[in-house]
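Data block below; observations after.
Residue numbers begin at 1 in each chain, while the letters A, B, ... track the order of the sequences. Treat the numbers as computed from the prediction; the structure is a model and nothing was measured. The analysis underlying the following values was restricted to heavy atoms, covering all of them including side chains, and did not include hydrogens, waters or symmetry mates.
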Amino acid sequence: MSGKLTLSAFVIFCLSAFVPLAHAQDLASQIVAGVSRAPVLRAEFTQIKTIAALTRPLVTSGRFTYVRGQGLLWRIEQPYRATYVLNEQGIVEIGDNGVARAPTAAPGLQHVSRIFRALFEPDVALLQQYFDTTANGDAARWELVLTPQQAALRHVFKNVRIHGARFVDDVKLDEANGDFTVIRFRRTQEAATPDDDEQRLLRRQ
Amino acid sequence: MKHWRAVIWAGIAAALIVGCVTVLFVGRAPIQTDLLALLPNTERHPTVERAASQVMDAGARRLIFLIGHPTAEKAKSAAQQFARDLSAGDTFKLVRAEFPTPDAGVLRTFYLPYRFQLLTDADRQALSAADADYLGTQLQRRLYDPFRRGLGTPLEQDPLGLFDAYLTALPFAQNAKLEFDGGYLIARDNDRAYALVFAELNGSAYDGDLQRRLSASLTRAENVLRAAEPDARVVRAGAVHHATAAREAAERELNLIGAGSLIGIAALLLWAFRSFRPIGLGLLSVAVGICAATLATIAVFGEIHIITLVFGASLTGEAVDYSIQYFAARLHAGKNWDARRGLHAVAPGIVVAVATSLLGYGALALTPFPALRQIALFAVVGLIAACLTVLLLLPALLKAPMKRQPRELLRRMSALLTRCQQWGTPRRRALLIAFLVVLAIPGWWRLSAQDDIRLLVNPPARLVTEQNTIQRLTGFSQSSQFFVVQGASEEEVLQREEQLTLRLSAIRQQGGLASYQAVSDFVPSAARQRENYLAWRAGVFSSPKKWRAALGAYGFKKSVINAQEREFRRADGRTLELTTWLQSPLSIPFRHLWAGAQNGEVASIVMPSGFMSITALQDAANNLAGVTLVDKVGGVSRLFGDYRRMGVVVLLVAAVLVYIVLALRYGMRRGLQALLPTVAGGGLTLAWFGYLAAPLTLFNVMALLLVLGVSVNYVIFLRAGIDRRGAALLGVLVSAATTVLSFGLLAWSSTPALAQFGATLFVGVTATVLLAPLLEPAGKKARS
C-alpha cells in the first residue's frame with residue numbers, strides 16, 4: 001500500500017487534492033471576473049508538440065467545444081480525424097467511424113478530464129486546488145503560471161502557462177520528460193446551447 | 001476411612017491449585033482466543049492451508065488508523081504524534097505515518113531491461129495479430145493523443161507506448177482514494193482530512209497479553225492527541241480490535257455473571273445447609289476439578305482455548321453437585337451424623353453420576369474435531385478430580401454434625417416429594433408425557449439451524465462504524481476470501497496464476513470484480529515473457545524495413561530507431577526472475593502474496609477485492625489445476641455446521657451410553673424411567689427454541705450435552721437418597737439452582753454464542769428438575 005506509482009495514481013493524487021482554496025489574488029479574481037461565462041464556447045485549435053526523440057514537432061489541429069457543466073469535445077481534424085469526449089465519467093476517444101475505443105481502465109481519468117476542462121475554461125478556483133498560481137499582466141491581457149503543488153504532479157509537468165483575455169488564447173505545457181506542448185486557440189465564439197451533434201457526444205457514457 | 005488417603009489427596013489438590021494458578025497467572029497464560037484455532041483445517045491440502053493461514057495471520061496483525069482533522073496540516077502533525085506515541089513500547093513491530101511520494105522513475109528503471117518481455121494482454125494479442133496498419137495506428141495514438149500521458153516514459157525508450165501501458169496497468173493504483181500529500185497518505189471527507197497511520201503488531205492478534213498492551217497504549221496515545229488537538233478524531237480498523245472487544249466482553253460478562261452466580265450459590269448453600277463450611281468445601285472440590293482439568297489440557301494440547309475454559313467451567317455446576325449430595329446427607333442425619341456412614345450413603349449415587357457423565361463427555365472424544373476433544377479431556381479430568389475430592393477429602397474436613405437442623409424445611413420438602421409421587425400414577429405420568437409431546441410438536445416443527453459464524457459474534461457498533469468509515473475513505477477492506485495457487489515450481493505457479501487472472505479479468509470487465517492482486521502481474525511466467533518477446537518479433541521487428549519506415553515517417557531520429565533494434569536483439573533470452581522482484585523494494589506491499597516453497601510445493605495468493613458474488617470466484621477456480629478458492633468465513637461456517645450435526649450424533653450416542661449405565665444400575669425399565677425427565681427436558685428445550693424461532697447452533701447442541709450430563713444426576717441422586725426424603729429433594733433442587741445460577745445466567749450475555757449456551761442450560765435444567773419428581777415412580781426402593 002505504500003507504493004502506488006502509476007501515472008493515473010499520480011494524477012489522482014495530485015488532482016484530487018482539495019487543498020483549501022487560497023485567497024484569489026487581485027489579478028486572479030479580475031481574470032475570473034473577466035473571462036467569458038457563456039454556456040457554450042467553440043474554437044479552432046492548433047497543437048504543436050516538441051519531443052526530443054523526434055526531428056520535427058508534431059502538429060495537430062481541429063475544433064474544440066466547451067459546454068459548461070457538461071464537458072469538453074476535442075475534435076482532431078488534421079493529420080487524422082478523432083474525437084475526444086471529456087466529461088465527469090472520464091475521457092473517451094471516438095474514432096472516425098463513430099465507434100468508441102475501449103476506454104482505458106486507469107482510475108484517474110475523471111481527474112485528468114477535470115483538470116483539462118479547468119485549463120481550457122479556465123476555472124481558476126479549481127486550478128488553484130492543484131497548482132500554485134501566479135498571475136501576470138492585467139485583465140485585458142493576462143498570463144497564469146501554474147506550478148504543481150505536489151511532487152507527484154511535478155513528475156509530469158514542470159509548469160503550465162495560460163494566456164488569455166476574455167477567452168483563453170494559448171496553453172503551454174512544459175513537461176517533466178522534456179516534451180513541450182503549445183496549444184493555440186483561434187476564432188473563439190460564444191453560444192447559448194450546444195448543437196445536437198455536440199449534445200449527443202457529450203451525453204454518451 | 002483411612003486418614004492417609006485424605007492427606008495424600010489434600011497434598012495433590014494443593015499442588016494442582018498452586019500449579020494451575022502458576023501456569024495461568026504467572027508469565028504467559030497459554031490461553032488461546034482465536035476462534036479459528038479451535039477448528040481443524042478447512043482445507044484438505046496442507047500447502048493451501050499453510051498459505052491461507054499465512055495470509056490470515058499477516059492480515060490479522062495489520063492495523064489502520066485514520067487521524068482526522070478539519071485541516072490537513074493538523075491531521076498530518078496529529079498522525080505523526082499519534083504514530084510516535086504508539087511506537088513507544090514493544091506492542092508494535094512497525095508504526096508508520098509518513099509515506100514518501102513514490103517515484104515513477106524507480107518503477108521504470110526496475111522494469112526497463114525487461115520491456116520486451118512485458119506486455120498487457122491486449123497489446124500481446126494486438127502484436128501477435130498485427131496487420132499492416134498496426135504500427136501506424138499505434139504510433140499515432142502514442143504521439144498525438146492529447147490527454148494520454150501514461151507514466152511519462154520517454155519516447156526514445158518506448159516509441160510505441162507498450163511499456164508505458166504495461167506499467168500503467170500494474171495494480172499499484174488499486175486504491176485511488178488515498179493521495180500522497182507532503183509525505184503523508186491523505187483521505188478526504190466532506191469536512192475533514194484524514195492522515196493514515198499503518199501499524200503492524202509485534203505478535204499474534206489473539207495474544208491476550210498483547211491485546212491488553214495495545215488497549216493501554218491506544219488509550220494513552222488518544223488521550224495525548226485529544227489534549228493537544230481537541231478537534232482531532234481517531235478512526236480504527238483491524239482484526240485485533242474485534243478480538244480484543246470479544247475477549248473483553250467475554251471476560252466482563254464472565255466476571256459479572258460469575259460474581260452474581262457465586263453470591264447466589266453461596267446464599268443458597270448457606271440457606272440450605274446453615275453453615276459456611278459447605279460453601280468453602282463445595283468451592284474446594286470445584287476448584288480442584290477445574291485446576292486438574294486445566295493442567296491436563298495444557299499438558300496434552302500445549303494450550304487451552306477460551307471456549308474450553310468457558311464450557312469446562314460450566315462443569316462447576318455439575319462438580320458442585322457431588323458435594324451437595326454429601327451436605328444433604330449430613331443435613332438429613334442431623335445430630336446422628338457420622339462422616340464415614342454418610343460417605344457410604346452417598347458414594348454409590350455419586351459414582352453412578354460420575355460414570356454417566358464420563359460416558360457422556362467421553363463420547364465427545366470420539367469426534368474428529370480437536371475442539372471437542374479438548375473439551376472432553378477437560379470434562380473427564382475435571383469431574384474425576386472433583387469426585388475424588390468429595391470422596392477422599394470431605395469426610396475428613398466435615399466430621400462434626402450440624403448444630404441446627406432446619407426441620408421445618410425438610411418436612412415441607414418431604415411432603416412435596418410425597419405429593420409428587422402420589423400424583424404420579426402410571427396413567428397420569430403417561431398423560432403428562434403425551435401432553436408435553438403435543439405441546440412440543442409445533443415447536444419442533446419450526447426448528448431451524450444456523451451456522452454462519454458472523455452471527456455468533458456481536459462486535460460493538462462503534463467498531464463496525466469505524467471499520468465502514470475506513471473502508472469508505474481508503475478502500476481498504478479485510479477479505480477472508482482469496483485464491484491459493486500451488487504448483488511444483490515457481491514457474492508452474494506463475495503459469496497457473498496467469499490462467500486464473502485471465503478469467504478474473506473477464507469477470508472484472510463484466511463488472512463482477514473491482515480488482516485483484518497477483519504476483520504474475522508484476523512478474524509474468526518465463527513462458528509468458530518469452531511469448532511477449534516473440535509477439536514483439538512477430539508484430540514489429542520481423543520486417544525492419546516497415547518498422548523503420550513507420551518511425552521515420554513521424555520524424556523519429558535515426559539514433560533512436562537503431563537503439564531500439566539493438567536493445568531488442570540484446571533482450572533475447574532475458575527473463576525477469578521472481579527473486580529479482582522479491583528483493584526489490586517495489587514488492588514490499590505485495591510480498592505477502594508469495595507464500596514461497598515448502599516440502600517441494602510452491603504456493604502463492606491471488607487476492608480479489610470488491611467482488612459481487614463468491615460463486616463467480618468459485619467458477620473462476622473451477623477446473624484449474626492447483627487453484628483453490630479459500631473462503632475462511634464460509635469454510636468455518638460449514639465446519640460449525642459439521643460440528644453441530646456431529647454434536648447431535650454425540651448427544652444420541654451419549655444418551656445411549658448413559659442409558660446402558662442406568663440399565664446396569666437400575667434395570668432396563670427403571671433405567672429408562674431415570675432417563676425420561678432428561679429426555680423430556682431436552683425435548684422441551686428444543687421446542688422452546690422452535691417457538692422463539694431462534695435457530696439452533698453448535699452452542700445449543702453443546703449445552704444440551706451438558707443438560708444431559710447434569711440432569712440425569714438429579715434422578716440418580718433422588719433415587720439414591722430416597723430414604724432421606726426431604727433432604728434428597730432439597731439436595732437436587734439446590735443442585736439445579738446452582739447450575740442455573742452459574743450458567744443459565746449466561747443467557748443474558750451479549751455474545752450470541754454464550755447466550756445460546758446459557759439459554760439452553762437454563763431451560764433444559766429447569767424443565768428437567770421440575771419433571772424429575774413428577775415422573776419418578778413411587779414405591780419400589782432402589783437397590784443400593
Set of salt bridge (charged side-chain N to carboxylate O under 4.0 Å, His left out) partners for A/Asp197, sequence neighbours left out: A/Arg75, A/Arg200
Residues forming a salt bridge (charged side-chain N to carboxylate O under 4.0 Å, His left out) with A/Asp169, sequence neighbours excluded: A/Arg141
Under 4.5 Å from a heavy atom of chain B, the part of A/Ile76 involved: side chain
Heavy-atom proximity to chain B below 4.5 Å, by part of A/Pro79: side chain
Closest approach of A/Ala53 to B/Leu155 (non-hydrogen atoms, all atoms of both residues): CB-CB, 4.1 Å
Nearest non-hydrogen partners of B/Tyr554 and A/Arg56, listed with the distance: C-NH2, 3.8 Å
Full working for side chain to side chain contact (heavy atoms under 4.5 Å, CB included) between A/Leu54 and B/Leu143: CA-CA 10 Å; A/Leu54 303 184; B/Leu143 295 173; 4.2 Å; yes
CZ/A/Arg68: more than 12 non-hydrogen atoms of other groups inside 6.0 Å: yes
NZ (B/Lys74) with more than 12 external heavy atoms under 6.0 Å: no
Approximate separation, where rounding is to 0.5 Å, of B/Arg142 CZ and A/Leu58 CG: 11.0 Å
Partner chain A: residue of B/Gln509, B/Glu156, B/Lys557 with the largest heavy-atom pair count (under 4.5 Å): B/Lys557
